[in-house]
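Working notes, beginning with the structure itself.
As the structure lists them, so they are numbered: ligands from 1, and atoms in each ligand from 1.
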Amino acid sequence: MGRKLWLLLIVGVFTAYYIYTPVPENFEEPWKLMWLNAPMKVVLHLATFAEFLGLGHFVDIITSALNTDEVPTSDENVTVTQTKFDDVPVFVYVPKRKSEAPRRAVFYIHGGGWCIGDAASPFYDLLSRWTAERLDAVVVSTNYRLAPKYHFPVQFEDVYSALKWFLQEDILKKYGVNPKRIGVSGDSAGGNLAAAVALQLLHDTNVKIKLKIQALIYPALQPLDFDSPSYQENTHMPVLSRSLMIRFWSEYFTTDRSLEEAMLSKRHVPAQWGHLFQFVNWSSLLPERYVKGHVYHDPTYGSVHLSKKYPGFLDIRAAPLLAEDDKLRGLPLTYVLTCQHDVLRDDGIMYVTRLRNAGVPVTHNHVEDGMHGALSFLKLKISYRLIKEYISWLKENL
Ligand SMILES: *[C@@H]1O[C@H](CO)[C@@H](O)[C@H](O)[C@H]1NC(C)=O
Ligand SMILES: *[C@@H]1O[C@H](CO)[C@@H](O)[C@H](O)[C@H]1NC(C)=O
């Protein structure tokens, strides 16, 4: 074979490798998803390789590939303002049309594994704009400082400070918000932060104004058990693999890779914290149809050293699913969206069970043909369908 032919063959194999990703049969637009996933696959591999060569931190390389310079601007229907709530940068979306009564408000927290993502990115901008417009609501879309530069509890505290700032009577008045109709919402790591701040606020006696709802879109809720059926079934699923999720969790607490290694080999939790496994016990908390043939194995334990150094991963502000029943009681009406083909599916479903056991009213929207990040793929039909379902739930319940 000639040299050109060889070259063509090599390029062809690489292209096929990056484009072809096995996806479940019930995906509506499998080839389109593969096509959209290919650049992400390339970026992840490049980042892993560059980090291996010592050229930079994995997350920094991904961030530089994803960076958006766009800043949300006002349009004919919505006024967008960039401001700070207690030093935390936020965008505020206010509908332009006149309103007779004070409006509802959604405080939105973007996802990205506590490491990446930006409220200014096109998807979050669009979601906030549509929520403001279709709900006739004020939307606050917050940013927060990210890993690897900042670790827990910085992300949590930034979001909580901004939320508390917003929940002051004079601030709500300024934006024309009805203090009885405010909700928090977020997706993925943002869903984690939304659940965490809702829980913190419930027990914070210094804040008088409380939430009416919390909406959690495929949230990450616990870093103890990475072998739930959904983690096992979706180990290599596009967008979010098991290993990437574990990397995100460990980066939330530290850049020291020994925590990640311990998480991968199930040695991060010391025996003295073994009682926490009851709160993430999928054998008792998942309905049978999600457990299917999976067999629950008792947890394995490691030394106390890591949990002493990085106590964050046992903290309910990072892992709301680890909260005791008493702590969950009294949480506001909750919407949980889970996707069948998502490592985080069982985190969400276990939270649904635990909230209901604690007497919290929950709407569970389980998406059989969904994968992690489904709302944000604006080139796929599923995105519009799920955004519509989410916004109509808010319309009825907020
Ligand atoms: C503004 O609202 C109108 C009426 O709902 C809609 O047709 C139009 O597309 C909106 N404009 C933008 C920029 O979204
Ligand atoms: C998990 O639940 C199963 C079934 O209810 C039970 O047999 C097992 O002891 C539980 N394990 C832990 C660690 O909570």
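Among protein heavy atoms, the minimum distance from atom 5 (O) of ligand 2 is reached at Ser284 CB, 3.7 Å. With hydrogens left out, the protein atom closest to atom 2 (O) of ligand 2 is Asn281 ND2, 2.4 Å, a heavy atom. Counting protein heavy atoms only, atom 9 (O) of ligand 2 is closest to Asp298 OD1, 4.5 Å.
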_Evaluation steps, ring pair (Phe, Tyr, Trp, His ring centres under 6.0 Å), between Trp282 and Tyr296_ = CA-CA 8 Å; Trp282 50 265; Tyr296 186 82; 5.1 Å; yes
*Should Tyr124 and Asp187 be marked as a side-chain hydrogen bond (donor to acceptor under 3.5 Å, both in side chains) after you check the CA-CA gap, both sets of side-chain angles, and the distance that decides it?*
CA-CA 10 Å; Tyr124 291 114; Asp187 61 296; 2.7 Å; yes
*Step by step, work out the ring pair (Phe, Tyr, Trp, His ring centres under 6.0 Å) result for Phe253 and His268.*
CA-CA 12 Å; Phe253 306 110; His268 57 302; 9.8 Å; no
*Could you give me the CA-CA distance, side-chain angles and deciding distance for Ser241 and His236, then say whether side-chain hydrogen bond (donor to acceptor under 3.5 Å, both in side chains) is met?*
CA-CA 5 Å; Ser241 66; His236 302 292; over 6 Å; no
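Glu133 counts as a contact of ligand 1, since one of its heavy atoms falls under 4.0 Å from the ligand.
Counting heavy atoms from C-beta outward, Arg129 and Val80 have side chains that approach closer than 4.5 Å.
In this structure, atom 14 (O) of ligand 2 has protein heavy atoms in its sub-4.0 angstrom surroundings. Not a single protein heavy atom sits closer than 4.0 Å to atom 7 (O) of ligand 1. Shown here, atom 11 (N) of ligand 2 is in close reach of the protein: a heavy atom of it lies under 4.0 Å off.
Using modelled atom types, one finds a donor on one side chain and an acceptor on the other under 3.5 Å when comparing Asp204 with Tyr160. A side-chain N or O of His341 and one of Asn26 form a donor-acceptor pair less than 3.5 Å apart.
If you number the atoms of ligand 2 from 1 as listed, the ones under 4.0 Å from a heavy atom of Ser283 come out as 2 (O), 3 (C), 4 (C). Per-residue contacts place Asn77 under 4.0 angstrom from the following atoms of ligand 1 (heavy atoms of the residue considered): 1 (C), 2 (O), 3 (C), 8 (C), 10 (C), 11 (N), 12 (C), 14 (O).
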